[in-house]
Amino acid sequence: MIILGIETSCDDTGIALVEGSQKGCRILSNPVSSQIKLHAPYGGVVPNLAARAHLENIGPVLEEALKQADNPEIDLIAVTIGPGLIPSLLIGTNFAKALAYRWQKSIIGINHIEGHIYANWLINQTIDFPVLGLVVSGGHTQLILMKGHGQYKLLGETRDDAAGEAFDKVAKLLNLGYPGGPLISQKAQKGNPQSFDLPRPMLQTKDFDFSFSGLKTAVLYEVKKKNQGKSSRPRPRLRRDRGISKAALVSNNYINDMAASFQQAVIDVLITKTIKAAKEYRVKTVLLSGGVAANQELRQQITKKIKKELVKAKLYIPSPKLCTDNGAMIAAVAYYKKRPTLKQSWSKVEAQANLKLIA
Ligand code: KG4
Ligand code: ZN
């Protein structure tokens, strides 16, 4: 069965062709058109600009996906319907519906978070349940228990900022640019994670929730302290004056050390809570996914910790390219869902900004 997967929930236009069979899912093509350069000057994604770029890119990305896969006969169209930015989601869903109408194919709407989790089924044929999924992206930080395909229980989630959002905001504070995750992790490689004593929010709480906004504020206070120490006379306060100004004499070492300390604080909380949940629910497999799962330090540290503390459990992490948004992960979810009939399929495809994985 060949599935066309379409992803446009944020700032990546991803279209993939995935072959699903008893052996699992195989990627035939998975091109992604990134909008990083477009949004970088604004320090974050501008929804209407993102939608315009999706509109421009979606046709060529489809052509590329079909070409790379040698134009196979498509059986099913899968498209992200939420959660995400409505202007972006509307482009993908409308495009998918038009294709389904033109080609007379069934269409299925997919939850983006489910897509991140199922990126793991693109690299593994069999995954033993019960599964604990840690989804860490720009919009979400959730610990999800799965007893079988499509059976989800939300164990915990962030009460404020998502982990990726915290990376992006701290990068902005440090004047590093957008998106922050890859830039912080680059700087962190050259820094000392013990340089700053940053908080590990909610590390010891009994629940499986997270909080990252206090950590971001702790970085902001450190940066302000540093700025005040360096300037000989007070500067007038501007509303947008929240990062390190060009005038401030912060060294590269300071930025590297702060990036490493911040990154380590996030990693400590993510790993501690994941291991605690995995032990309590006696899971057989831990799945890491979402854009932050592309972080090399997180990947290395969680691999080491799980080997040591959860001897019987397996850990899977998709390749960095499959951690960030792409069409193949959306197609993978569709393969494991009940295939809709052509007649039913249209009514359920509607973009929803706040779509929940667990109703
Ligand atoms: O999953 P994703 O591509 O889009 C969302 O669904 O949000 O995740 C994007 C997020 C951004 O916040 C980005 O800064 C973060 O993932 N990210 C990283 C890394 N690569 C991307 N965070 C930390 N380290 C990375 N290497
Ligand atoms: Zn995502």
Side-chain angles (χ1 to χ4, degrees), residues 5-14 16 30 32-36 39-40 43-45 47 50 54 79-85 88-89 92 110-120 133-142 144 157-158 161-174 176-189 191 193 212-213 215-216 259-260 262-267 269-271 287-302 317-330 332-333 353-355 357:
I6 301 179
E7 158 61 39
T8 66
S9 67
C10 190
D11 61 340
D12 287 310
T13 317
N30 191 18
V32 175
S33 168
S34 160
Q35 301 175 11
I36 285 179
H39 301 290
V45 179
H54 282 308
V79 62
T80 304
I81 52 169
L85 304 171
S88 295
L89 288 165
I110 301 292
N111 183 303
H112 182 76
I113 303 295
E114 214 172 353
H116 276 306
I117 299 171
Y118 271 80
N120 284 284
L134 173 65
V135 180
V136 266
S137 69
H140 294 83
T141 302
Q142 296 188 327
I144 295 158
E157 62 184 333
T158 184
D161 292 352
E165 191 180 353
F167 267 94
D168 294 339
K169 286 177 174 170
V170 167
K172 209 169 177 181
L173 280 174
L174 298 174
L176 295 180
Y178 174 85
L183 298 165
I184 294 257
S185 81
Q186 256 174 36
K187 297 285 176 194
Q189 277 176 11
F212 293 106
S213 82
L215 174 58
K216 170 199 68 192
F262 163 76
Q263 179 177 267
Q264 193 55 50
V266 175
I267 290 176
V269 184
L270 292 176
I271 294 183
L287 303 179
L288 196 58
S289 58
V292 180
N295 185 282
Q296 285 305 328
E297 202 53 43
L298 171 63
R299 298 166 78 94
Q300 279 165 20
Q301 291 189 28
I302 199 168
I317 317 173
S319 64
K321 246 197 96 183
L322 293 176
C323 287
T324 47
D325 294 348
N326 64 88
M329 67 186 199
I330 302 304
V333 182
N354 299 314
L355 183 69
L357 184 57

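All figures in this text were calculated on a predicted structure; none of them were measured in a lab. First listed ligand is number 1; within each ligand, the first listed atom is number 1.
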Geometric N/O contact [X] with ligand 1, under 3.5 angstrom:
| X | result |
| --- | --- |
| N295 | yes |
| G290 | no |
| H112 | yes |
| G164 | yes |

Ligand 1 atoms in contact with [X] (distance to a heavy atom under 4.0 Å):
| X | value |
| --- | --- |
| H116 | 1 (O), 6 (O) |
| G139 | 7 (O) |
| T324 | 3 (O) |

inquiry  = Does atom NZ (K187) have a neighbourhood of more than 12 heavy atoms from anything else shown, all under 6.0 Å?
reply    =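 Atom NZ in K187 is not crowded, with 12 or fewer foreign heavy atoms closer than 6.0 Å.
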Q. Quick one: are the ring centres of F167 and F262 less than 6.0 Å apart?
A.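 Yes.
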Discussion item. Any N/O/S atom from H116 (main chain or side chain) under 2.8 Å of the Zn ion (ligand 2)?
Written reply: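 A backbone or side-chain N, O or S atom of H116 is under 2.8 Å from the Zn ion (ligand 2).
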Does any N, O or S atom in H112 come within less than 2.8 Å of the Zn ion (ligand 2)?
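An N, O or S atom of H112 is closer than 2.8 Å to the Zn ion (ligand 2), so yes.
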Open item on the list: Just to be sure I read this right, does ligand 1 sit under 4.0 Å from the backbone of H140, its side chain, both, or neither, counting only heavy atoms?
Closed with: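 For H140, no heavy atom sits under 4.0 Å from ligand 1.
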Part of D168 within contact of ligand 1 (heavy atoms, under 4.0 Å):
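Answer for D168: side chain.
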Next item on the list: Work out which heavy atom in P83 is nearest to a heavy atom in S9; give both atom names and the distance.
Entry: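 Taking P83 first and S9 second, the nearest heavy atoms are O-CB, 3.8 Å.
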*Heavy atoms only: give me the nearest I317-R299 pair and the separation to one decimal.*
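Heavy atoms only, the tightest pair is CG2-NH1, 3.4 Å.
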Next item on the list: Decide whether the shortest distance between a heavy atom of Q263 and an atom of ligand 1 is less than 4.0 Å.
Entry: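 Heavy atoms of Q263 never come under 4.0 Å of ligand 1.
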Check: Does at least one non-hydrogen atom of C10 fall below 4.0 angstrom from an atom of ligand 1?
Finding: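 For ligand 1, residue contact (heavy atoms, under 4.0 Å) with C10 is absent.
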Quick test: of every protein heavy atom, which one is nearest to [atom], and how far off is it to 0.1 Å?
| atom | answer |
| --- | --- |
| atom 9 (C) of ligand 1 | G138 N, 3.8 Å |
| atom 25 (C) of ligand 1 | G181 C, 3.6 Å |
| atom 2 (P) of ligand 1 | D325 OD1, 3.4 Å |

- Query: Does a side-chain heavy-atom distance below 4.5 Å link L270 with T141?
  - Reply: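 Result yes, sub-4.5 Å side-chain heavy-atom pair found.
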Is the side chain of [X] donor-acceptor paired with the backbone N or O of [Y] at a distance under 3.5 Å, no angle test?
| X | Y | result |
| --- | --- | --- |
| N30 | A328 | yes |
| T8 | S88 | yes |
| N326 | T324 | yes |
| H116 | D325 | no |

Nearest N/O/S atom of D325 with respect to the Zn ion (ligand 2), by atom name, please.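 Per the distance ranking, D325 contributes OD1 as its closest N/O/S atom to the Zn ion (ligand 2).
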**Asked** Could you give the distance from CD1 (I117) to CG (L134), rounded to the nearest 0.5 Å?
**Response**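 Rounded to the nearest 0.5 Å, the CD1-CG separation comes out at 10.0 Å.
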Practice prompt. Would you check if there is a donor-acceptor pair between the side chains of H112 and E7 at a distance under 3.5 Å?
Written response: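 The criterion, which ignores hydrogens and geometry beyond distance, is satisfied for H112 and E7.
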With respect to atom 8 (O) of ligand 1, which of G180, G291, S289 exhibits the smallest heavy-atom separation?
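It is G291 that holds the nearest heavy atom.
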